[in-house]
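Report on the structure given below.
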Amino acid sequence: MLSARGLFTEILDNDESFRLFCSIAASGETQGGWENGRIAALVPPGLAELAPKIARHGADEDKHGRIFNGLMHGRGLDPAPVPADTDYTMLLEHAGIGLAHSRLRKDQPLSEQDIVTYLAHSRVTEQRASEQMALLLKHFGDHPEIGRAVRQIARDEDNHLAYCHEELLRLAAAGHGRLIHRTLHECALAEIRVYREVSLAVMAHMGELLHWSAAKSATLRAGIRAVYAYERVAGRRRMTSLTMPARRNALGGGPVAAEATT
Ligand SMILES: [Fe+2]
Ligand SMILES: [Fe+2]
């Protein structure tokens with residue numbers, strides 16, 4: 001029963017756990033949308049061609065936030081408060097990863113190094129988003145309630161990841177290679193730790209809502225720690241490597257599709 005499919009089915013089948021799952025997801029997506037919107041507005045003149053892609057990235061994340069809110073709305077549920085220990089985006093910021101919100105609130109153009117920081121942070125977090133959505137797609141891509149949302153978000157996250165690879169490779173060719181390499185490694189190390197903490201916290205909250213036994217919770221915690229140990233030793237490369245994607249200019253194709261806003 002402790003398969004990813006079984007666990008998520010349990011979460012999906014209970015209104016309170018579904019509400020918490022969607023609330024956490026919507027909040028993370030909306031924060032990502034805001035960050036990207038600010039970065040798009042502050043792109044330095046030398047990288048102006050990136051601004052519309054960053055804006056598109058932000059618009060996609062905002063759209064994902066609306067999709068998760070829409071899923072709750074479909075069941076007549078309101079968003080739940082997001083526990084601080086499940087707030088992935090905020091915890092990454094507190095770990096010093098990515099661009100600080102205080103910096104993004106200022107109306108001062110970013111530097112090229114700041115854009116490298118943004119793209120490296122996105123390369124790592126979009127890898128996570130894309131893998132998580134791929135897992136949901138595998139098990140719930142045809143689900144009558146969430147299948148359409150899952151398919152759409154999974155497609156978008158793959159595009160975000162492709163865009164990060166392509167733009168980082170472009171910046172590496174322009175002379176930022178060492179900074180990119182170092183930043184990717186710092187981001188990946190911090191991300192796998194924050195992901196472990198957030199996973200433990202989410203499962204603790206879900207366990208309370210779903211009345212999981214102590215043994216089941218302990219097994220889940222052990223599983224999360226095993227994933228961390230693997231990622232720390234061997235799994236980080238998938239977050240720090242750069243490969244030119246098959247799909248080029250994944251975020252250059254104009255405005256966000258209208259169907260997404262429903
Ligand atoms: Fe997203
Ligand atoms: Fe994304």
Side-chain angles (χ1 to χ4, degrees), residues 8 20-40 50-72 79 82 86-93 97-99 101 104 115 117-138 140-141 146-168 184 187-188 190-192 194-195 198-199 202 238-240 242 245 247-262:
F8 196 73
L20 182 60
F21 168 79
C22 289
S23 300
I24 292 170
S27 159
E29 299 280 8
T30 306
Q31 284 183 70
W34 179 83
E35 287 173 8
N36 282 290
R38 289 303 298 152
I39 294 165
L50 268 179
K53 298 178 190 180
I54 302 173
R56 165 69 193 265
H57 187 188
D60 278 356
E61 304 301 6
D62 276 335
K63 178 185 78 184
H64 299 168
R66 290 196 299 277
I67 290 174
F68 281 114
N69 280 319
L71 288 175
M72 278 187 277
V82 173
T86 67
D87 195 332
Y88 173 77
T89 309
M90 192 192 70
L91 290 168
L92 278 175
E93 194 205 345
I97 296 305
L99 298 170
H101 284 191
L104 295 180
I115 297 299
T117 301
Y118 146 70
L119 279 170
H121 168 256
S122 296
R123 154 78 184 93
V124 169
T125 54
E126 295 295 341
Q127 176 83 36
R128 184 71 73 188
S130 148
E131 287 174 4
Q132 291 198 310
M133 292 313 301
L135 187 67
L136 283 180
L137 187 64
K138 181 173 156 207
F140 299 95
I146 66 164
R148 183 165 170 264
V150 165
R151 290 194 302 274
Q152 170 140 45
I153 297 173
R155 195 168 54 232
D156 288 347
E157 304 301 8
D158 289 347
N159 283 339
H160 298 168
L161 185 57
Y163 145 80
C164 291
H165 276 270
E166 184 176 351
E167 300 303 337
L168 281 169
L184 280 172
C187 278
E191 198 279 342
I192 61 171
V194 166
Y195 180 71
V198 167
S199 302
V202 169
R238 77 189 199 288
M239 301 183 140
T240 56
L242 293 176
R247 173 149 195 226
R248 305 281 175 92
N249 200 22
L251 294 188
V256 182
E259 60 154 343
T261 57
T262 54

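Order of appearance sets the numbers: ligands from 1, and atoms from 1 within every ligand.
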d(Thr30 OG1, Arg66 CZ) to nearest 0.5 Å is 9.0 Å

Between atom CD1 of Ile97 and atom CD of Glu191, what is the distance when rounded to the nearest 0.5 Å? 9.5 Å

State the CD-NE2 distance between Gln127 and His160, to the nearest 0.5 angstrom. 14.5 Å

Leaving waters out, which protein N, O or S atoms fall under 2.8 Å from the Fe ion (ligand 2)? Glu61 OE2, Glu126 OE1, Glu126 OE2, Glu157 OE1, His160 ND1

Rounded distance [0.5 Å steps], CD1 in Ile24 versus OH in Tyr88: 13.5 Å

Run the side-chain hydrogen bond (donor to acceptor under 3.5 Å, both in side chains) test against Asn69 and tell me which residues pass, sequence neighbours left out. none

Between the side chains of Asp156 and Lys63, is the shortest nitrogen-to-carboxylate-oxygen separation below 4.0 Å, so that they form an ion pair? yes

